[in-house]
Amino acid sequence: MSQDKMVNKAALSRRRFLGSAAAVGAMTAVGSFPMPALARGGKPVLTHGLQSGDIAVDGGVVWARADRPSQMLLEIATSDTFKNSVQLRGPAAIEASDFTAKQVLTNLPADQDIFYRVRFQDLYDLNLVSEPQVGHFRTAPAAKRDITFVWTGDTAGQGWGINEEWGGMRGYETMRKQNPDFLIHSGDNAYCDGPIQAEVKLEDGTIWKNIVTEEKSKVAETLNEFRGNYKYNLMDENVRRFYSEVPVLTQWDDHEVLNNWYPGEMLDADDRYTVKSVSLLAARSAKAFREFMPMREHAIEPGRVYRKVSYGPSLDVFILDMRSYRGPNDANNQVEPSQQTAFLGEAQLKWLKQELLASKATWKVIAADMPIGLIVYDNWKDKSTFENGANGDGPVLGREHEFANLLRFIKNNKVQNTVWFTADVHYTAAHYYDPDKAQFQDFEPFWEFVSGPIHSGSFGPGDMDNTFGPQVMYTKNPGGKANLPPTEGLQFFGHVKIDGDTEVMTVTLKDIADNSLYTVDLNPKQSL
């Protein structure tokens, strides 16, 4: 696709886009969720909306799913009228990918609203073509401008599924109204180990009513059951509307497979699972994750989650994978680093250092799927084993060796303006890491912001570990109560704005009622 075909920079409001998308791309549905596959002879159907992701200065990834073997057909334009559009033939959606298809778009103009229209052509009868659906994203800027994004994690966890009487997954609609350039989903995109029941009785006597599917009625073990967890979330109209308009930079954490998993783990004592090898479950989960997430495939390591997304001169986003390369969850108290203490793993840690050193962006956002200094126990009964890096007050031990190594590298190489964003713990908080109050002090101060869940049970607060000196500047949580339902309002996301002129980063913690809970302005340091 040539640049000269994509230079119609019509000024378009997001509201106008939504109107056209609703008119052109309304989903065939019964109630608010997609119809099952039609008998052959009717037109193909786009079953689960549209998604875009991994945007760049010249393109991005678009995703859709059909109800049968079909060819993906795309139109790309800079106007929602699709005047002067470019037509592309995308990949075939067939059984091997559960009829999902995603296309990498390139050679698009920078800092441009891109509208894409997707149809599917029946591979049994080429005369049958689906009704279209319309999506939108904006390419990254080549020059400085205002940038806004949101981040959160934890979707449909702890049994809290799609309750249409409550309005579905309302947090996604609140995020959409922020008009962000993109979303960082910090992991737990789906709770493949969390079955959904039709009804849950709440403390006030009312009933939470979930939509239920076969795949969400048990823990996921087969490939189709993992796929069904992603399909479930895309049954929600708030989720579909959000992803049709806002691109996502996604990572995974534990619940895409099962709670607190690590490679090589065996489930001998878990009667819910007939498949006992977590590594086998993780392989099936990873395939479903790649099929349903609009992320680019790594050329050398297909399926690799960690990657960098550049969003113009003001921002690079470093997306981590704290799950795939870790050692076992144990006492996490080793005095010396070893394979046992791996968390990011040697290759990923080396990659992160190199990319941070090479980055010319003002802000280096590190998207982590777990917090650094907030303790997450693997065994909550006796608190003897640990799920993340933190392991209690004191010197650097266990998995903390990797963080000490990384933080020392950032300081010694004068890498400026690193900020960490994460979710995982099901409440919201702002942490300031202060070497003057730390046991390990060879690092520069930095911020870590925590926000989630977006639609799951609420927990917390957690215990803090003083090794790296985290100071809790703000938190909102259930006060020690466990698994509070979304009706309690303790569902959270974060909002970030980078000013195009000053490059000041403003971070705001928000709840699903769009209340601003805590705001801080971070002034960029100039590189030496």
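Positions are given from 1 along the sequence.
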*Asks:* On the ring face of W166, is R170 found with NZ or CZ under 6.0 Å from the centre and within 45° of the axis?
*Replies:* yes
*Asks:* If every non-hydrogen atom of W351 is compared with every non-hydrogen atom of K308, which pair is closest and at what distance?
*Replies:* CZ2-N, 3.6 Å
*Asks:* Indicate yes or no: at least one non-hydrogen side-chain atom of D80 is less than 4.5 angstrom from one of V134.
*Replies:* no
*Asks:* If we count only N and O atoms by modelled type, under 3.5 Å, do the side chains of W160 and N483 hold a donor and an acceptor together?
*Replies:* yes
*Asks:* Please tell me if the side chains of S70 and F99 come closer than 4.5 Å, counting only heavy atoms from C-beta onward.
*Replies:* no
*Asks:* Check for a donor-acceptor pair, side chain of N388 on one end and backbone N or O of V376 on the other, with a separation under 3.5 Å.
*Replies:* yes
*Asks:* If you measure from the Lys or Arg side-chain nitrogens to the Asp or Glu carboxylate oxygens, is any gap between D98 and K231 under 4.0 Å?
*Replies:* yes
*Asks:* Salt bridge check, R227 against E291: does any charged N sit closer than 4.0 Å to a carboxylate O?
*Replies:* yes
*Asks:* Determine, step by step, whether D113 and H136 satisfy the side-chain hydrogen bond (donor to acceptor under 3.5 Å, both in side chains) criterion, reporting the C-alpha distance in whole Å, the side-chain angles of both residues, the deciding distance to 0.1 Å, and the verdict.
*Replies:* CA-CA 7 Å; D113 281 299; H136 164 273; 2.5 Å; yes
*Asks:* Out of V275, T274, L258, which residue meets the side chain to side chain contact (heavy atoms under 4.5 Å, CB included) rule with L267?
*Replies:* L258
*Asks:* Contact between V248 and V246 at the side-chain level, heavy atoms closer than 4.5 Å - yes or no?
*Replies:* no
*Asks:* In sequence, state the C-alpha distance, the side-chain angles, and the governing distance for Q178 and T148, and then conclude on side-chain hydrogen bond (donor to acceptor under 3.5 Å, both in side chains).
*Replies:* CA-CA 9 Å; Q178 311 301 308; T148 62; over 6 Å; no
*Asks:* T422 side chain to V450 main-chain N or O, any donor-acceptor pair under 3.5 Å?
*Replies:* no
*Asks:* Could you report the tightest heavy-atom contact between S359 and D316, atom names first, then the distance?
*Replies:* OG-OD2, 2.6 Å
*Asks:* Looking only at heavy atoms, what is the nearest atom pair of D369 and R323, with distance?
*Replies:* OD2-N, 4.3 Å
*Asks:* Does the Lys NZ or Arg CZ of R117 fall within the cation-pi geometry relative to F82 - under 6.0 Å from the ring centre and within 45° of the axis?
*Replies:* yes
*Asks:* Could you walk me through whether E297 and R290 pass the salt bridge (charged side-chain N to carboxylate O under 4.0 Å, His left out) test, one step at a time?
*Replies:* CA-CA 8 Å; E297 288 288 350; R290 291 160 60 189; 3.1 Å; yes
*Asks:* Test W151 against every option in F182, F421, F492, F493 by the ring pair (Phe, Tyr, Trp, His ring centres under 6.0 Å) rule and name the one that passes.
*Replies:* F421
*Asks:* Might you point out which heavy atoms bring D511 and T174 nearest each other, and give the distance in Å?
*Replies:* O-CG2, 4.1 Å
*Asks:* Taking it one step at a time, do K218 and D193 satisfy salt bridge (charged side-chain N to carboxylate O under 4.0 Å, His left out)?
*Replies:* CA-CA 8 Å; K218 65 178 291 293; D193 60 338; over 6 Å; no
*Asks:* Within the distance-only criterion (no hydrogens, no angle test), does the side chain of R240 pair as donor or acceptor with the backbone N or O of M235 below 3.5 angstrom?
*Replies:* yes
*Asks:* Answer yes or no: is there a side-chain heavy-atom contact under 4.5 Å between P247 and L183?
*Replies:* no
*Asks:* What's the separation between atom CG in N210 and atom CD1 in I196, rounded to the nearest 0.5 Å?
*Replies:* 5.0 Å
*Asks:* Quick one: CG on N259 to CD on Q158, what's the gap to the nearest 0.5 Å?
*Replies:* 8.5 Å
*Asks:* With rounding to the nearest 0.5 angstrom, report the CE to OG1 distance, M72 to T100.
*Replies:* 9.0 Å
*Asks:* Distance check, rounded to the nearest 0.5 Å: N163 atom CG versus D236 atom CG?
*Replies:* 10.5 Å
*Asks:* Hey, is the main chain of E221 close enough, under 3.5 Å, to the side chain of E225 for a donor-acceptor pair?
*Replies:* yes
*Asks:* Under the side-chain hydrogen bond (donor to acceptor under 3.5 Å, both in side chains) criterion, do S79 and T81 qualify, and how do the steps go?
*Replies:* CA-CA 5 Å; S79 164; T81 66; 2.8 Å; yes
*Asks:* Would K144 and D111 pass as an ion pair if we require N to O under 4.0 Å?
*Replies:* no
*Asks:* Got a donor-acceptor contact below 3.5 angstrom from the E199 side chain to the I207 backbone?
*Replies:* no
*Asks:* Taking K177 first and then D514, would you say they form a salt bridge - that is, a charged N and a carboxylate O separated by under 4.0 Å?
*Replies:* no
*Asks:* Write down the atom of Q112, the atom of T139, and the distance for their closest heavy-atom approach.
*Replies:* N-OG1, 2.9 Å
*Asks:* Salt bridge check: are D122 and R68 linked by an N-O gap of less than 4.0 Å?
*Replies:* yes
*Asks:* Using atom types as modelled and distance alone, determine if a side-chain donor or acceptor of S285 lies under 3.5 Å from a backbone N or O of E256.
*Replies:* yes
*Asks:* Is there a donor-acceptor pair under 3.5 Å between the side chain of S456 and the backbone N or O of D154?
*Replies:* yes
*Asks:* Considering only heavy atoms from C-beta outward, does the side chain of Q71 approach that of F120 to under 4.5 Å?
*Replies:* no
*Asks:* Can D321 and R304 be said to form a salt bridge (charged side-chain N to carboxylate O under 4.0 Å, His left out), step by step?
*Replies:* CA-CA 9 Å; D321 179 358; R304 196 176 90 174; over 6 Å; no
*Asks:* Is any side-chain heavy atom of V496 less than 4.5 Å from a side-chain heavy atom of V150?
*Replies:* no
*Asks:* Quick check against the 3.5 Å criterion: does R284 have a side-chain atom that pairs as donor or acceptor with the backbone of A282?
*Replies:* no
*Asks:* Measuring from atom CG of N229 to atom OG1 of T155, what distance do you get when rounded to the nearest 0.5 angstrom?
*Replies:* 11.5 Å
*Asks:* Taking all non-hydrogen atoms of both residues into account, name the closest pair between E301 and H298 and its distance.
*Replies:* N-ND1, 2.9 Å
*Asks:* Are more than 12 heavy atoms, taken from residues, nucleotides or ligands other than K497, located less than 6.0 Å from that residue's NZ atom?
*Replies:* no
*Asks:* To the nearest 0.5 Å, what is the distance between OG (S186) and CH2 (W420)?
*Replies:* 12.5 Å
*Asks:* Side-chain contact, heavy-atom cut-off 4.5 Å: Y427 with L490?
*Replies:* no
*Asks:* Any chance the side chains of S130 and K43 put a donor and an acceptor closer than 3.5 Å?
*Replies:* no
*Asks:* Are L280 and K276 close enough that some pair of their side-chain heavy atoms sits under 4.5 Å apart?
*Replies:* no
*Asks:* Salt bridge check, E245 against R138: does any charged N sit closer than 4.0 Å to a carboxylate O?
*Replies:* no
*Asks:* Checking R176 against E173 for the salt bridge (charged side-chain N to carboxylate O under 4.0 Å, His left out) test, could you report, in this order, the C-alpha distance in whole Å, the side-chain angles of both residues, the deciding distance, and whether it holds?
*Replies:* CA-CA 5 Å; R176 186 191 67 82; E173 177 64 8; 2.6 Å; yes
*Asks:* So if I apply the side chain to side chain contact (heavy atoms under 4.5 Å, CB included) rule between M322 and each of Q251, M370, Q348, which one comes out positive?
*Replies:* M370
*Asks:* Name the orientation class of the two ring planes belonging to W63 and F292 (parallel below 30°, tilted from 30 to 60°, perpendicular beyond 60°).
*Replies:* tilted
*Asks:* Between K216 (side chain only) and G194 (backbone N and O only), is there a donor and an acceptor less than 3.5 Å apart?
*Replies:* yes
